[in-house]
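Accompanying notes for the structure given below.
First the proteins, then the strands, lettered A, B, ... as listed; each starts at 1. It should be emphasised that the depicted structure is a prediction, and the values quoted were computed from it without experimental measurement. Note: hydrogens, waters and symmetry copies are ignored here, and every other heavy atom, side chains too, is used.
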Number of protein chains: 2
Amino acid sequence: MSDPAFTLDPRLDADTHPVGELPLSTVRLMDDARFPWLILVPKRAGLADLVDLSDEDAAIMNEEIRLASRVLRDLTSPYKLNVAALGNSVRQLHVHVIARFDDDPAWPKPVWGVGTPATYDPATADTLITRLRAGFGLA
Amino acid sequence: MSDPAFTLDPRLDADTHPVGELPLSTVRLMDDARFPWLILVPKRAGLADLVDLSDEDAAIMNEEIRLASRVLRDLTSPYKLNVAALGNSVRQLHVHVIARFDDDPAWPKPVWGVGTPATYDPATADTLITRLRAGFGLA
């Protein structure tokens with residue numbers, strides 16, 4: 001199902017840890033321990049907006065966003081989920097799925113552009129990624 | 001398909017103009033002439049997150065978001081679309097579909113919390129809503 005012309009945007013690559021591969025999306029963990037924050041990037045070249053996906057891919061994307069939301073919710077029990085496809089800074093189509101808490105450093109604002117990312121220490125990232133992979137059924 | 005227990009959150013009601021009714025969502029125009037900005041509210045009571053929708057409703061929501069994206073894109077030819085379900089301030093599940101331009105007052109930041117809304121004059125709102133309704137096939 002993967003598009004051989006797809007390559008992950010280098011800024012998305014630099015800002016995230018790889019979690020695993022879904023049929024359409026590559027799942028990444030934003031390297032910011034302040035917010036449990038997944039990014040799903042559909043493995044299709046040249047897309048910027050969700051509406052650029054084919055009808056078939058959009059239905060799969062919807063399912064993968066739901067799966068990521070459930071995985072993140074089950075793992076972190078957030079007060080709220082934030083789901084967004086913005087792409088103003090990195091144009092490659094990507095979807096944020098973020099667990100929000102009413103005492104997190106950005107609440108109630110959106111997380112983008114707030115403060116400075118607190119990168120994970122490697123052991124914490126590894127543990128979280130292992131749990132995420134199990135949640136996605138990728139263990 | 002509408003849930004008789006559904007009522008629109010009063011803050012969403014106050015901040016928007018009604019555009020029309022889709023099978024699942026009520027479509028509203030944010031009363032902020034700085035950004036062409038639709039809000040879709042699925043007519044289901046008691047939901048906060050997209051993942052709270054049933055599988056069936058989520059598939060319809062996906063289609064209605066795509067329809068709203070196409071309508072807004074065809075009408076305004078934006079540089080980028082922003083699609084988001086945040087709900088940190090108004091908890092009732094609602095989805096933003098926003099046409100973004102690289103010279104708009106918030107670019108490249110997200111629109112939420114930036115500056116002060118510039119409310120539409122009534123004639124401009126009426127004209128835009130008429131065009132939106134035509135785009136949605138509600139004319």
Measuring only between side-chain heavy atoms, which start at C-beta, is B/Met61 closer than 4.5 Å to B/Leu50?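 Sidechains of B/Leu50 and B/Met61: in contact.
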
Just so I know, are the side chains of A/Val114 and A/Trp112 near enough to count as touching, which here means a heavy-atom distance under 4.5 Å? no

Hey, are B/Arg44 and B/Asp52 close enough for a salt bridge, meaning a charged N less than 4.0 Å from a carboxylate O?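 B/Asp52 and B/Arg44: not salt-bridged.
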
Mark yes when over 12 heavy atoms from residues, nucleotides or ligands other than B/Arg131 sit less than 6.0 Å from its CZ; otherwise mark no.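 No, the 6.0 Å shell around CZ holds no more than 12 heavy atoms from other groups.
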
Give, as side chain, backbone, both or neither, the part of B/Asp102 having an atom under 4.5 angstrom from any heavy atom of chain A. neither

Chain A contact via B/Arg100 - side chain, backbone, both or neither, heavy atoms under 4.5 Å: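 Contact with chain A involves the side chain of B/Arg100 alone.
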
Answer key: most heavy-atom pairs under 4.5 Å with chain A among B/Ser69, B/Ser89, B/Pro110, B/Ala85 is B/Ala85

Taking every non-hydrogen pair under 4.5 Å, which of B/Val83, B/Leu53, B/Asp49 racks up the most with chain A? B/Asp49

Which heavy atom of B/Tyr120 sits nearest a heavy atom of B/Ala125, and at what distance?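 Closest approach of B/Tyr120 to B/Ala125, heavy atoms only: CB-CB, 3.8 Å.
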
Which of the residues A/Lys109, A/Arg73, A/His96 is involved in the greatest number of heavy-atom pairs with chain B at under 4.5 angstrom? A/Arg73

